[in-house]
K.L.:
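One structure is given below, represented as structure tokens, and several questions about it will come after.
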Amino acid sequence: MKIRFILVITIGIMVSLQSFVHASIQKEPIEQLIQLAEQEQLPLEKWQIVMKDELDRNRAHEIARKLESYFPASDINREETSQAEKWTASNLHKKTQSTETFIMIVPKNEQGGIQISYSLTGERWNEQTKSYYHAKSESVTKALFTTNVKKFACLTLLSDDKMNKVYFFEKFVEKLNVQALDRIQEKDFTVLSGYTPYWEQTIPGKDSLMNIQLAAREDASGNTTMTIGTPIIITEY
């Protein structure tokens, strides 16, 4: 009877663990990062998703037409230089206080492809924001990007507690099972680059593949800005 009881408990633990792992895998990196920040009570300053792609230049007119149907005409700006034609569109969603920005660069060089990028940025995260993010991410990907799209997620946290810097690195490295690959350590500035098995997208690192960066910078007032990105941080830190 005792052996049977232990076996039932063991199976129950294994099922619970598998459910937890499965739920983590289903979440996108930005959701996992925000969840970790909330668990550790680290105050959120900004979150950002950026998608980048390179398309055949023959698709420039198609993308421009889709852009005009996706954004209000008043929010679209077109510039032309001797090197390229640049389309920019930006829109603020008031209910979630999220800003979406699209950029398309069409080089004058006929041999070059067009570069497109889309970003969604906000300062708060709740169920309404999450639903808006998923809807936008899915619709934009289908309308404007290919299967080769590269997706970057970034989270910025701000604290006036110097201990949070050490805690930030320790907890995120532990909970994301990060293998540290490179580290830059200065007086008020630290950057760690590494690899986590949680996320598939990677880029070539110094000696091996990497897909996560963590950075912390202290200012003269004693505030610490902590930034984490995958596969790299693409904002200022």
Side-chain angles (χ1 to χ4, degrees), residues 25-33 46-122 129-155 193 195 198-206 208-213 227 229-237:
I25 291 173
Q26 295 302 308
K27 289 182 179 178
E28 292 199 20
I30 191 66
E31 295 178 86
Q32 294 181 46
L33 294 178
K46 185 176 73 172
W47 60 270
Q48 183 179 40
I49 293 292
V50 178
M51 292 183 277
K52 293 177 176 286
D53 207 347
E54 181 174 353
L55 308 178
D56 189 292
R57 65 180 300 106
N58 293 328
R59 294 194 60 192
H61 293 298
E62 172 199 342
I63 298 298
R65 286 196 303 271
K66 287 183 177 180
L67 198 61
E68 290 171 344
S69 64
Y70 194 85
F71 288 91
S74 58
D75 293 334
I76 300 175
N77 182 50
R78 179 179 173 276
E79 301 175 57
E80 192 167 351
T81 67
S82 59
Q83 300 296 320
E85 178 183 340
K86 182 179 179 180
W87 293 68
T88 306
S90 184
N91 184 40
L92 171 65
H93 187 251
K94 293 182 180 180
K95 287 186 178 180
T96 61
Q97 290 297 300
S98 303
T99 302
E100 57 177 340
T101 303
F102 179 87
I103 298 174
M104 177 174 69
I105 297 177
V106 185
K108 293 292 180 67
N109 176 9
E110 294 186 358
Q111 301 302 317
I114 61 174
Q115 306 291 328
I116 64 172
S117 68
Y118 173 85
S119 68
L120 191 60
T121 307
T129 308
K130 184 169 71 172
S131 297
Y132 178 73
Y133 157 70
H134 279 292
K136 281 292 182 181
S137 178
E138 184 177 353
S139 63
V140 169
T141 301
K142 288 182 178 179
L144 304 172
F145 291 89
T146 71
T147 54
N148 295 321
V149 61
K150 300 293 187 297
K151 200 168 187 178
F152 302 83
C154 188
L155 200 66
S193 301
Y195 173 82
Y198 280 90
W199 305 323
E200 294 182 358
Q201 183 172 294
T202 60
I203 63 169
K206 193 173 182 180
S208 60
L209 295 176
M210 61 172 281
N211 61 359
I212 188 170
Q213 277 191 322
T227 310
T230 175
I232 58 172
I233 298 172
I234 59 173
T235 59
E236 293 184 7
Y237 51 87

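Everything numeric here is computed off the predicted structure, so don't read it as measured data.
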K.L.:
If the condition is ring-ring contact (aromatic ring centres under 6.0 Å, His included), which residues does Y195 pass it with, not counting sequence neighbours?
P.N.:
none
K.L.:
Residues in salt bridge (charged side-chain N to carboxylate O under 4.0 Å, His left out) with K66, at least two apart?
P.N.:
E62
K.L.:
If the condition is side-chain contact (heavy atoms from CB on, under 4.5 Å), which residues does S131 pass it with, not counting sequence neighbours?
P.N.:
none
K.L.:
K142: what forms a side-chain hydrogen bond (donor to acceptor under 3.5 Å, both in side chains) with it, not counting sequence neighbours?
P.N.:
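Only E138 meet the side-chain hydrogen bond (donor to acceptor under 3.5 Å, both in side chains) criterion with K142.
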K.L.:
Holding to side-chain hydrogen bond (donor to acceptor under 3.5 Å, both in side chains), I want the full list of residues that pass it with Q201, two or more places apart in sequence or in another chain.
P.N.:
none
K.L.:
Regarding E31 and Y133, do their side chains bring together a donor and an acceptor under 3.5 Å, going by distance alone?
P.N.:
no
K.L.:
Under a 4.5 Å cut-off applied to non-hydrogen side-chain atoms, are T129 and S98 in contact?
P.N.:
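Yes, side chains in contact.
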K.L.:
Please, which pairs that meet ring pair (Phe, Tyr, Trp, His ring centres under 6.0 Å) have at least one residue in residues 61-97, sequence neighbours excluded?
P.N.:
H93-Y132
K.L.:
Checking I203 now: which residues fulfil side-chain contact (heavy atoms from CB on, under 4.5 Å) with it, not counting sequence neighbours?
P.N.:
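Counting only residues at least two positions away or on another chain, I203 forms a side-chain contact (heavy atoms from CB on, under 4.5 Å) with M210, P231, I232.
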K.L.:
Name all residues meeting the side-chain hydrogen bond (donor to acceptor under 3.5 Å, both in side chains) criterion together with N58; count only those two or more places apart in sequence or in a different chain, and write none if there are none.
P.N.:
D56
K.L.:
Who pairs with R78 by salt bridge (charged side-chain N to carboxylate O under 4.0 Å, His left out), at least two apart in sequence or on another chain?
P.N.:
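With neighbours one apart ignored, the set is E80, E85.
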K.L.:
Going by the rule side-chain contact (heavy atoms from CB on, under 4.5 Å), which residues pair with P72 if we only count those two or more places apart in sequence or in a different chain?
P.N.:
S74, D75
K.L.:
Which residues satisfy the side-chain hydrogen bond (donor to acceptor under 3.5 Å, both in side chains) test with T146, sequence neighbours excluded?
P.N.:
D53
K.L.:
Restricting to pairs with a member in residues 98-121, which pass ring pair (Phe, Tyr, Trp, His ring centres under 6.0 Å), not counting sequence neighbours?
P.N.:
none
